[in-house]
Amino acid sequence: MARRVLEKTTFSTGELAPELWGRSDLNAYGNGAARLRNVFIEPSGGVRRRPGIALIDAVSGPVRLIAFEFNTEQTYLLVFGDYQGTVYRAGVAIVGFETPFGVMHHALLNWTQSADTLLVTHPEVEPMRLTRKASGADVSDGVGVWEMTNWAWRETAVKRFQPYYKFGDPAVSITPSGTSGTVSITASSALFEAGHVGTRWRIQGIEGEIAGVSSATLATIALQEALPDASTTQDFEEQVFSPVRGWPRSVTFHQDRMVIGGSRDLPNRLWMSKSGDLFNFDLGEGLDDAAIEFALLADQVNAITGIFAGRHLQVFTSGSEWMVTGDPLTPANIQVTRQTRIGSRADRTVPLVNVDGATIFAARSGRELREFLFTDVEQAYGAADLALLSRHLVQGPVDQAFDADHRLLHVVMGDGSLGTLTLYRSEAITAWSAQRVEGAAFRAVAVAGGEVYLCLERDGKFYLGRFDEGCGLDLSITAELAEGESPRRHWGGFDDLEGVTLAVWADGVLYRDITVSGGTVSLPNAVSTVVVGLPFIHEIAALPPAGSDGTRAHGGNALRLVSVTFRVQQTAQLRVDTGRGFRDVTLGRGRSEDAAYSGDVSLRALGWRRGSAGRDNDGLWRIAGDFPRPFLLLGVASELGVND
């Protein structure tokens, strides 16, 4: 019998998709795992039990979460619900406001922030701006005055500098009945709708407001100035954004301009404001600071799904990705170049995220997460697939946010799971793991002020929570005794979790299967502090061994795990299965039950195996535990016996 030692010093390729379990020739195989659940992969390569999720609030239904950073000290979380919004600071709701956006609009909601203003768009709803104003005592308490208003275009007595466009057949003409005041206009074919009332039109460069619509070919308009003449003309256009033509799809800021990407009826068009005048879209005479507009012309109409201001202005559409260049951007030197042909989801706004100069976007297929990155060698953008090795974990992304402090990209999937990607390009680490909450589904995620906020749905109820290093349970609530109060068995205040069977961490002891009744949990012993929440199990499973010495087919040799050594750090529980079921391993002598241990733990093992069936329990070892205390696995050394 030959002996072999397998050293695993990193998990830097994360959980590998089952279709790669036959590729033991890949470096990724040696640095990966068969299963990584409810753990985060450290940039250094170790695997850590994820934090618990502290319950912040119960919310009335589905929400979108938006980070708002007024400055480095004052950061907020905006929670958009059903025509209602709430501002949270440090996990506390401080202000509520009304919005025109309902749950039905959440999928295509888009936003961008500049200083104290958040711009919010949806192709079916008039765009809004949410402004945080500070005055008086509000400056010191950080609450401020929050106001949601409509966009206000730059305007003079006779002109409103918003985008205009001639919709329909270019041959359509109109005939005004006069040159000034309120006149009727007759179209050569169907042109007007009832929703046009109140919208601005331009006829031969003169603006007016539609006062009434009598039919599809007849309307009245109140002119702001006198027309040159009352002759029939094809020189007319209407405001781009209106109840009839739809509203902006996406928005951002780039080179001191506001950039609008697409609308409902002009999905492939870009508008850039006048430089330094964000709500002025007057094209003027094409001077360097004038507004700019153009369509992305390609072999097919690709609806713009998102725009991002990075090294260049990046435009993401349903069929391809584009680069807009010009230094600076002017009407004379702007260049638009298609870079890749991946395409983004058109039915869902997944926020674009920048990580070290690369823009992460969810691909149209729903099974890919792409990294749009400029390369100096090729002077062009590429779009590498970050999910290539862990395709099974990417199931229709619906939301994403990057935790820069821990190098973690959290991606909410359509199936309710949360994929977590440790992304550290300089160290060649692209590692996926998956998070689950018992009986619950993740619905939204945002990172604000270094905190990761999550919306979860459980039994038709929705909750707002955040990752909390201080708790090891999900949807957890922490309660302590008041000063001078004696330890007690019955603890109330858990009405949001009524009827839910939970775990309770109290005075260093884990009580399982405790049901909330009347908003109260009852324990067998009197305790001084409790953390009440849903337990979760962290899982780490080794990939099936290759088992070949090069003389026979893959898996042909018989293998025996002789011993395995786990190197752990600050770990309170180690529960291992080496082929005969899970068992708890004693960590250090004289250590209290919840005290953390750092060092090596060696186990002996028995039993031979030949090949594997491709299951995630076919590896040489598995780890699983629900103890709500820290766990960090740094590496594993496995000693094997190999026989014919």
Side-chain angles (χ1 to χ4, degrees), residues 66 108-115 117-123 125-130 150-154 160-165 239-241 245-284 286-298 302-318 320-339 344 346 349-354 357 359 361 372 374 381:
I66 302 174
L108 294 181
L109 211 59
N110 206 306
W111 59 87
T112 191
Q113 183 189 343
S114 175
T117 300
L118 183 81
L119 301 184
V120 187
T121 64
H122 187 284
V125 182
E126 188 170 0
M128 306 297 291
R129 58 190 296 175
L130 179 65
N150 298 326
W151 287 11
W153 308 104
R154 179 72 66 194
R160 183 177 295 165
F161 299 120
Q162 60 184 324
Y164 288 85
Y165 186 79
Q239 66 183 61
V240 167
F241 309 120
R245 304 302 181 184
W247 305 98
R249 169 69 190 263
S250 57
V251 61
T252 193
F253 299 99
H254 185 67
Q255 290 192 11
D256 210 21
R257 299 177 186 264
M258 183 167 80
V259 184
I260 299 173
S263 69
R264 189 194 67 196
D265 287 6
L266 294 173
N268 65 334
R269 202 167 188 84
L270 274 173
W271 297 269
M272 301 182 186
S273 73
K274 184 176 180 179
S275 180
D277 196 353
L278 300 181
F279 286 91
N280 184 343
F281 286 80
D282 182 28
L283 298 178
L287 300 178
D288 284 354
D289 67 342
I292 306 169
E293 72 170 83
F294 55 90
L296 298 179
L297 300 178
N302 293 324
I304 295 174
T305 60
I307 46 179
F308 189 85
R311 178 171 183 167
H312 309 101
L313 180 64
Q314 303 163 11
V315 183
F316 298 85
T317 75
S318 57
S320 54
E321 292 70 47
W322 300 70
M323 172 179 68
V324 180
T325 57
D327 191 17
L329 288 176
T330 68
N333 72 2
I334 192 169
Q335 295 184 358
V336 185
T337 311
R338 180 162 52 190
Q339 299 295 293
S344 304
T349 297
V350 180
L352 300 169
V353 174
N354 182 267
T359 305
F361 69 98
F372 196 58
F374 188 83
Y381 283 87

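Given the structure is predicted, the values throughout are model-derived calculations rather than measurements.
To the nearest 0.5 Å, the span separating CZ on Phe161 from CG on Asp277 amounts to 9.0 Å. For the atom pair CD1 (Ile66) and CG (Leu118), the distance works out to 5.5 Å, reported to the nearest 0.5 Å. Annotation: the span from Ile260 atom CD1 to Phe281 atom CZ amounts to 3.5 Å, rounded to 0.5 Å. The structure places NE2 of His312 at 6.0 Å from OG1 of Thr325, a figure rounded to the nearest 0.5 Å. Once rounded to the nearest 0.5 Å, the distance linking NZ of Lys274 with CD1 of Ile292 reads 12.5 Å.
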Phe279 and Met258: side-chain contact (heavy atoms from CB on, under 4.5 Å), yes or no, with the steps? CA-CA 7 Å; Phe279 286 91; Met258 183 167 80; 3.8 Å; yes

From CA spacing to verdict: side-chain contact (heavy atoms from CB on, under 4.5 Å), Glu321, Gln314: CA-CA 7 Å; Glu321 292 70 47; Gln314 303 163 11; over 6 Å; no

Please walk me through it: do Val120 and His122 pass side-chain contact (heavy atoms from CB on, under 4.5 Å)? CA-CA 7 Å; Val120 187; His122 187 284; over 6 Å; no

With side-chain contact (heavy atoms from CB on, under 4.5 Å) as the criterion, how do Trp111 and Leu130 come out once you've worked through the C-alpha distance, each side chain's angles and the decisive distance to 0.1 Å? CA-CA 10 Å; Trp111 59 87; Leu130 179 65; over 6 Å; no

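Two residues are said to be in side-chain contact when any heavy atoms from C-beta on lie closer than 4.5 Å; Trp153 and Phe241 meet this criterion. Two residues are said to be in side-chain contact when any heavy atoms from C-beta on lie closer than 4.5 Å; Arg245 and Tyr165 fail this criterion. For the pair Thr252 and Leu313, the minimum side-chain heavy-atom distance is below 4.5 Å. Taking 4.5 Å as the limit, some side-chain heavy atom of Met272 sits within range of a side-chain heavy atom of Phe294. At a threshold of 4.5 Å between non-hydrogen side-chain atoms, the residues Ser273 and Asn280 do not count as touching. Between Leu283 and Glu293, the closest side-chain pair of non-hydrogen atoms falls below 4.5 Å. Side-chain contact between Arg249 and Thr349 is present, with heavy atoms from C-beta onward closer than 4.5 Å. For the pair Phe253 and Leu119, the minimum side-chain heavy-atom distance is below 4.5 Å.
Here the two rings, on Tyr381 and Phe374, have centers that are under 6.0 Å apart. Two rings, from Phe308 and Phe361, have their centers 6.0 Å or more apart.
When all heavy atoms of Ile307 and Leu270 are compared, the pair lying nearest together is CG2-CD2, 4.0 Å. The minimum heavy-atom distance linking Val240 with Trp271 is given by the pair CG1-CZ2, 3.5 Å. Counting all heavy atoms, side chain and backbone alike, Ser318 lies closest to Thr305 at N-CG2, 3.9 Å. The nearest pair of heavy atoms linking Ala290 to Pro331 is O-CG, 4.1 Å. Nearest heavy-atom pair, Gly246 versus Arg264, reported as atom, atom and distance to 0.1 Å: N-NH2, 3.4 Å. For the pair His254 and Gly310, the tightest heavy-atom approach, listed with the atom from each and the gap, is CE1-O, 4.0 Å.
Checked by atom type and distance alone, the side chain of Arg257 pairs as donor or acceptor with a backbone atom of Leu329 at under 3.5 Å. Remark: the backbone N or O of Tyr164 is not paired with any side-chain donor or acceptor of Gln162 at under 3.5 angstrom. In this structure a side-chain-to-backbone donor-acceptor pair under 3.5 Å is present from Asn268 to Leu296. Side chain of Thr330 to main chain of Asn333: a donor-acceptor pair is present (N/O by atom type, distance under 3.5 Å, no hydrogens or angles). Trp151 places a side-chain N or O within 3.5 Å of a backbone atom of Met128 that can act as its donor or acceptor partner.
For Arg154, the CZ atom sits in a loose shell: 12 or fewer heavy atoms of surrounding residues, nucleotides or ligands are nearer than 6.0 Å.
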